[in-house]
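First the structure, in the form of structure tokens, and then the observations on it.
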There are 2 protein chains.
Amino acid sequence: MDRRRRKSREAIFAAFSELLSKKNFSQITVGEIIEHADIGRATFYSHFETKDYLLKELCEELFCHIFDSTKEHGHTHRHIFDCDAPDSVFLHLFQHLSRNDNHILDLLSSQNNDLFLRYFKVGLVDLIESQLETFEIRIPAELPRNFLVNHIAATFVETVRWWVENKMQESPELITKYFFLVIH
Amino acid sequence: MDRRRRKSREAIFAAFSELLSKKNFSQITVGEIIEHADIGRATFYSHFETKDYLLKELCEELFCHIFDSTKEHGHTHRHIFDCDAPDSVFLHLFQHLSRNDNHILDLLSSQNNDLFLRYFKVGLVDLIESQLETFEIRIPAELPRNFLVNHIAATFVETVRWWVENKMQESPELITKYFFLVIH
DNA sequence: ATTTTTATTGAACAATATGTTCAGTAACGA
DNA sequence: TCGTTACTGAACATATTGTTCAATAAAAAT
């Protein structure tokens, strides 16, 4: 990608992220994004069709990164069972979040956290779907697999929500413990 | 309240609900609402400051109604333990939803279901908070009460979401069973 | 080093949406 | 019947959106 194009794109993402951490998505205007990113109006529209697509691409950048890195871990963990915690895919996710790369936490703590948690959950469902059998969870036979996968993903997301709403005072390890207490 | 005022208010709610079941909240304009409700522009703004407040008041009308009715049930159930299912506060909620009063289901099935489920969850948290001790759920001592309440409410909401996404093929009784399988 | 390709700019543009104002009219309640 | 309250519809200023275009500058290719 052309360097100029990459710089514009990054400037838009940075400006948009900062605005999102301060005010509501629906109240953010394209004009504001342009102003903060310090680019021309036509440039913005040459990159993103609408504000919604911008959000979508931002989420993909943020979360694909997380899931890719945990999937690598997941693959090793799946086979190496002498690891400290066999369930640590989730621990890794919590740790990853608490490191606050790409200012994810600022976004998850903002008024717009629903927007991000929704995207996050979709990725989680895929991850859990593909690894459900490796989890040490007793699966009631009467329960649709589908339902259980959704439940685990949703519980994880809600745990994250609770965590950030409580200013993230707990360690990733403790949060992981809470998570498994309600899942098992 | 003046009959004219009540009629305008109802017309706005009806028009707004219908629009919400068809298209995205952010894409609905005040102009459209006015047109469908068949009222003057100034009338709309004499009732609701913004589209967001309109949504808020609509949610309150919808859900206060549900919670009020289940709280009455809850109070009786709390003391009458020869009832078929002592946990039936949740069964009642599922049944109430499936009756589709006020077209709640249309709204919960729409693209905007997040908006409503968010409001719904807030009411649920209050309900569960006040009745947690009456539930037959073993409470791990290490878990903050706060966390558990949020988890139960979130699980209920996610169960509803799963249900409506799957076209509500299951009976309220079966859904209640799924719910308790993952909660207990 | 020169040429070609590509991206950005800024301004102008029409189209749409927002929220307010006001005088006239109709419905309400007492 | 009379005073009050609500609705109307049009007009209004303002803000936002998304597009267009010619000029300019940076990057890539030769």
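Here is the naming used below: chain letters follow the sequence lines, and residue numbers restart at 1 for every chain.
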Pairwise side-chain contact, A:Lys121 with A:Glu158, heavy-atom cut-off 4.5 Å (strictly under): no
Near-ring test A:Phe67/A:Phe120, centroid separation under 6.0 angstrom: yes
C:dT8 phosphate, OP1 or OP2, under 4.0 Å from A:Ser46 side-chain N/O: yes
Trace of the salt bridge (Lys or Arg N to Asp or Glu O under 4.0 Å) decision for B:Glu49 with B:Lys56: CA-CA 11 Å; B:Glu49 219 172 319; B:Lys56 185 174 178 167; over 6 Å; no
Results of ring pair (Phe, Tyr, Trp, His ring centres under 6.0 Å) for B:His103 - residues two or more places apart only: none
Atom pair distance, as rounded to whole Å: NZ in B:Lys51 and P in C:dT18: 6 Å
Show each protein N/O and nucleotides 27-29 of chain D N/O combination with a separation under 3.5 Å, one pair to a line.
residue	atom	partner	partner atom	Å
D:dA27	OP1	A:Arg3	NE	3.2
D:dA27	OP1	A:Arg3	NH2	2.4
D:dA27	OP2	A:Arg3	NH2	3.4

d(CZ, A:Arg5; P, C:dA7) in whole Å: 5 Å
Listed nucleotide nearest any side-chain atom of A:Ala42, set C:dG19, D:dT20, D:dG18: D:dT20
Whole-Å gap separating P (D:dT20) and CZ (A:Phe44): 17 Å
Interface residues of residues 7-37 of chain B with DNA chain C (non-hydrogen, below 4.0 angstrom): B:Thr29, B:Val30, B:Gly31
Nearest-Å distance for atom pair CG/P, residues B:Leu54 and C:dA17: 17 Å
Parallel, tilted or perpendicular, as decided by the 30° and 60° cut-offs, for the rings of B:Phe179 and B:Phe156: perpendicular
Polar atom pairs (N or O), protein with nucleotides 1-3 of chain D, under 3.5 Å:
none

Polar side-chain contact B:Arg41-C:dG19 base: donor and acceptor under 3.5 Å: yes
Check: B:Phe90 ring centroid to B:Phe135 ring centroid under 6.0 Å: yes
Bend angle of the helix from C:dA1-D:dT30 to C:dA30-D:dT1, from helix axes over five pairs at each end, nearest 10°: 40°
Under 4.0 angstrom between B:Tyr45 side-chain N/O and C:dG19 OP1 or OP2: yes
Donor-acceptor pair between B:Asn112 and B:Lys23 side chains, under 3.5 angstrom: no
Aromatic plane relationship, A:Phe48 with A:Phe13 - under 30° parallel, 30 to 60° tilted, over 60° perpendicular: tilted
Centroid-centroid distance, B:Tyr178 to A:Phe147, less than 6.0 Å: yes
Gap between atoms CD and C1', on A:Glu49 and D:dT17 respectively (whole Å): 13 Å
Residues in side-chain hydrogen bond (donor to acceptor under 3.5 Å, both in side chains) contact with A:Glu10, at least two apart in sequence or another chain: none
Closest heavy-atom pair and its distance - B:Ala15, B:Ile33: CB-O, 3.9 Å
Phosphate contact (C:dA7 OP1 or OP2) by A:His47 side-chain N/O below 4.0 Å: no
